[in-house]
Amino acid sequence: MSRYNVKECEPKWQRAWDEAGCFSAAEDPSKPKYYVLEMFPYPSGRIHMGHVRNYTIGDVIARYKRAQGFNVLHPMGWDAFGLPAENAAMEKKVHPAKWTYENIAVMREQLKTMGLSIDWAREFATCSPDYYRHQQRMFLDFLEAGLVYRKESWVNWDPVDQTVLANEQVIDGRGWRSNALVEKRRLAQWFFKITAVSDDLLAALEGLERWPEKVRVMQEKWIGRSRGARIDFKLSGGHDPLEVFTTRPDTLFGASFCALSPHHPLAAKLAADNPELADFIAECDRLGTSEEAIETAEKKGFDTGLKAYNPFQPDIELPVYVANFVLMDYGTGAIFGSAGHDQRDLDFARKYDLAVIPVVLPPDADADSFTIEDEAYLGPGTIFNSDFLDGLEVPAAIDGAIARLEQDGSGREEINFRLRDWGVSRQRYWGCPIPVIHCDTCGTVPVPAEQLPVELPDDITLDQPGNPLAHHPSWKYVACPKCGKPAERDTDTMDTFVDSSWYFARFCSPQAETPLERGAVDYWLPVDQYIGGIEHAVLHLLYSRFFTRAMSRCGYMALDEPFDGLFTQGMIGHQTYQGPDGAWLSPAEVQRVDGERFETLDGQPVSTGRVEKMSKSKKNTIDPAAIIETYGADTARWFMLSDSPPDRDMAWTDSGVEGAYHFVQRLWRQVLDAADHLPAPGSTRPEAFGPADALRRLTHKTIAAYTNDLEQFRFNRGVARIHELSNALSGFKAADEAGRWAQREAVESLVRLMAPMMPHLAEELWSRLGHEALLVDQPWPKADPVLLIDDSVTVAVQVGGKLRSTIEVPRDSEDETLREAALAEPAVQRAIADKALRKVIVVKNRIVNIVVS
RNA sequence: GCGGGCGUGGCGGAAUUGGUAGACGCAAGGGACUUAAAAUCCCUUGGGCUUGUCCCGUGCGGGUUCGAGUCCCGCCGCCCGCACCA
């Protein structure tokens with residue numbers, strides 16, 4: 001028996017598709033478009049299993065939509081700027097550009113072996129001046145539109161990577177790449193004004209119906225809108241009033257102190273002639289922002305001696321503290337403490353022996369006896385101890401308090417966001433240069449359009465810490481474009497998340513002389529289906545949403561949301577192995593004998609750990625290139641789609657891959673066996689089908705259900721249906737011409753349906769079935785509705801809710817017929833025995849339940 | 001602590017959205033073919049026993065219903081995200 005020759009067939013069909021130009025996309029207003037995009041890869045060196053899963057899912061969708069008649073755009077590119085290139089440059093003494101482009105070359109070839117339906121003519125790398133010059137152009141447009149600005153601010157400084165990080169890039173107080181404890185520094189930085197659209201970014205989340213709920217919730221939390229009031233507290237000692245922000249103005253009558261952030265300007269002012277306070281502030285800074293520090297930090301305060309006066313109770317003196325738990329970058333950097341109804345305020349009040357005045361009475365509590373002990377009361381209730389607010393429910397009291405503050409002129413309603421503007425300056429070489437020039441006379445001057453791109457110099461030295469662009473002997477020295485006097489370029493480069501915030505739009509017209517071509521983006525955008533990892537739920541996906549709005553404001557497009565549908569795939573894990581000494585072992589170093597695992601080299605017993613995300617440190621990675629080399633791309637793709645739902649984490653197993661490979665070979669044999677005696681393609685179908693009807697029904701049911709599975713990303717269910725049809729075919733023997741026709745229909749449908757998942761095998765089988773034209777150009781099969789409905793159905797018969805029998809009856813039999821047939825079953829009679837019939841529930845085509853007493 | 005998700009055989013997972021629990025696959029066991037192995041094909045496979053179309057069974061305890069993996073209430077466990085946001 002012949003075997004399917006993967007090594008011959010896969011390259012053969014890849015060439016055939018390529019030569020026929022199957023996947024090159026062009027605008028065609030007469031056809032509905034469909035833009036499928038997977039998150040583009042960082043060129044780290046080799047593709048990994050996460051890529052294989054990501055691009056397999058995307059390719060299934062792209063090929064399926066194409067077969068359905070959509071004009072599909074499915075491009076690929078490289079997120080090519082970033083730190084690893086600089087690190088590699090330092091370690092291996094190779095230029096970041098060389099390292100990056102060599103990696104791209106390797107990964108491009110690896111991706112091509114997967115047989116993806118990609119329009120490679122649109123490929124680009126973000127590190128190319130042909131890409132980043134347009135990014136510089138847009139940066140300047142944003143600057144002009146007021147969406148970019150420069151300011152000095154406290155920033156997150158990563159001492160290992162020697163660069164600034166955006167808030168989004170600080171995870172648990174550590175740099176997202178280096179994992180180093182982040183420090184606070186004050187630097188002049190460029191910012192994208194993402195807060196200008198906070199409200200819209202939040203409100204529009206609701207319209208993203210084809211996004212995972214989880215991602216929308218994460219973005220909602222990140223944007224963090226809260227409604228409250230900004231209130232002026234008069235201060236003693238002739239100071240300006242203290243502004244505080246609160247979401248609970250209803251608790252103002254419970255105020256017992258005020259507290260400032262250690263970074264608050266007033267704190268600094270007071271510290272100037274109060275050394276003890278200065279010491280306290282310094283101590284707060286030392287504690288830092290690390291997770292441990294925050295977790296264990298006790299609430300601490302320093303009494304400034306100042307007094308504050310609540311606008312509703314101007315006669316009561318409130319002490320003013322500087323407190324370590326008050327954040328400078330939220331609200332106004334100052335709070336009032338309402339100890340009864342905020343846990344932090346309560347902890348603080350107990351520690352410094354301040355008043356605790358409850359002002360919200362829980363629904364069933366008694367005003368005379370209600371007290372606060374160790375837990376603040378945060379729930380709903382009625383206001384008391386609060387003058388004009390007494391008797392109001394909390395929401396009404398909030399409104400009432402705000403109204404009174406506005407009336408008095410001592411405060412106003414305010415909406416606050418957690419979201420901060422996006423700091424994009426990075427003190428690194430391998431990124432897009434920020435196209436501005438600093439002139440002593442003219443200040444910050446944009447680089448004139450005709451001087452773009454500001455290109456990175458090639459001759460750099462990476463062996464000293466800090467920014468190579470700043471060290472470069474000549475690069476930064478230029479004449480001011482305005483006055484002509486000597487000036488300096490900005491030596492920072494943009495955060496690489498800027499590069500990935502608009503690449504999806506650039507794919508629409510990758511060769512355009514302008515950043516984007518209006519006709520192309522209007523036709524292709526938004527991306528209809530975006531696919532990638534959940535790890536970008538906030539960062540990349542939020543930045544892209546901002547960028548799309550910013551690009552629209554600057555006239556590049558007329559669109560708010562870049563990604564109509566989003567699918568986040570799960571991670572790929574593998575079992576972990578450890579030797580007797582606890583050292584991690586790679587799967588290749590482990591052998592299985594009689595169900596036990598041993599080290600291949602020395603036969604030492606191996607302990608098997610849980611399935612964990614593939615990582616170099618645990619040595620549980622599998623190189624996809626090796627898998628494709630051995631089994632072929634179709635096997636790898638099929639296994640990726642087989643068992644686990646695509647949004648869930650999955651485990652890579654040898655036996656799973658082998659199972660997929662066996663199925664590839666089985667399909668090959670099955671279709672070839674059948675091909676020999678099937679009627680030729682194009683001959684006429686006999687009138688009567690008779691005995692072959694069951695196969696025809698299954699074929700059409702499979703088409704309908706499988707199509708539905710693909711629409712819903714239920715690939716594992718689809719795979720099972722292919723198995724089912726294949727199983728039915730292997731038990732099928734054609735008795736006559738009609739049978740052979742049904743068989744041909746089943747086989748060809750099987751091949752057409754599996755094509756998005758296993759494109760090479762399907763194409764080969766299609767040609768072996770006698771077809772001249774490429775399968776990839778064949779339309780998606782349509783299910784015949786008549787064949788989806790069975791003539792007879794199996795109805796379950798229960799007695800008292802327990803299954804006792806099943807009956808085979810004509811479809812849509814009358815209730816009475818079902819009832820009688822059910823009662824006639826011997827097993828049913830036995831179950832009823834001498835009990836009285838109470839009632840019989842009949843659900844047409846489904847079930848009969850006989851209730852006895 | 002807050003928010004979200006999940007809990008079904010040895011394993012990955014199905015279950016028409018309240019109607020025959022365990023589709024499909026993996027693993028395991030048995031058999032056929034073969035001098036043998038590989039490959040392939042066939043059969044068995046949730047647990048139990050009294051082998052009956054019997055009993056039990058979808059994390060645990062209750063409830064609603066003719067009927068619950070699915071809905072409601074209360075627990076337990078795991079995973080993910082956020083975390084001094086006033």
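Everything numeric in this text was worked out from a predicted model, so none of it was measured. All values below were derived from every heavy atom in this structure, side-chain atoms included, with hydrogens, water molecules and symmetry-related copies excluded. Each chain gets a letter, A, B and so on, in the order the sequences are listed, and its residues count up from 1.
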Could you check whether Ser226(A) gets within reach of a base, just the sugar-phosphate, or nothing at all, counting any heavy atom under 4.0 Å? sugar-phosphate
Tell me, please, whether Phe325(A) has Lys299(A) positioned over its six-membered ring: NZ or CZ under 6.0 Å from the ring centre and within 45 degrees of its axis? yes
Report yes if a side-chain nitrogen or oxygen of Lys300(A) is closer than 4.0 Å to either non-bridging phosphate oxygen (OP1 or OP2) of rC84(B); otherwise report no. no
For the residue pair Tyr661(A) and Tyr631(A), does the interplanar ring angle fall in the parallel (under 30°), tilted (30 to 60°) or perpendicular (over 60°) class? perpendicular
Under 3.5 Å, is there a donor-acceptor pair linking the side chains of Arg227(A) and Thr247(A)? no
Let me know, please, whether Met328(A) or Ala796(A) comes out on the 5' side of the other along RNA chain B by nearest nucleotide. Ala796(A)
When all nucleic acid strands are considered with a 4.0 Å heavy-atom cut-off, which category describes Asn727(A): base, sugar-phosphate, or nothing? sugar-phosphate
rU40(B) base / Arg669(A) side chain donor-acceptor hit below 3.5 Å: no
Kindly give the atom pairs (protein nitrogen or oxygen, nucleotide nitrogen or oxygen) under 3.5 Å for nucleotides 7-14 of chain B.
from, atom 1, to, atom 2, distance (Å)
rG12(B), O2', Ser644(A), OG, 3.0
rG12(B), N2, Asp643(A), OD1, 3.1
rG13(B), O3', Asn716(A), ND2, 3.3
rA14(B), OP1, Asn716(A), ND2, 3.3
rA14(B), O2', Arg717(A), NE, 3.1

OP1 or OP2 of rG52(B) sitting under 4.0 Å from any side-chain N/O of Arg804(A)? no
Side chain Lys221(A) and base rC2(B) donor-acceptor under 3.5 Å: no
To the nearest 0.5 Å, atom CG of Leu823(A) lies from atom CD of Glu825(A) at 10.0 Å
Any idea how Tyr577(A) and His574(A) line up, ring-wise: parallel (<30°), tilted (30 to 60°), or perpendicular (>60°)? perpendicular
Which one is paired to rG18(B), where only Watson-Crick or G-U wobble pairs with both distances under 3.5 angstrom count? none
In terms of the nearest nucleotide of RNA chain B, which residue is placed more toward the 5' end: Lys839(A) or Glu825(A)? Glu825(A)
Determine whether the side chains of Asp421(A) and Thr195(A) contain a donor N or O and an acceptor N or O closer than 3.5 Å. yes
Between CG of Leu667(A) and P of rG25(B) the distance, given in whole Å, is 12 Å
Taking the side chain from Asp634(A) and the backbone from Leu761(A), do they hold a donor-acceptor pair closer than 3.5 Å? yes
Among rC26(B), rU20(B), rA39(B), which nucleotide sits nearest the side chain of Arg3(A)? rA39(B)
OP1, OP2 of rU16(B) versus side-chain N and O of Asn845(A): anything below 4.0 Å? no
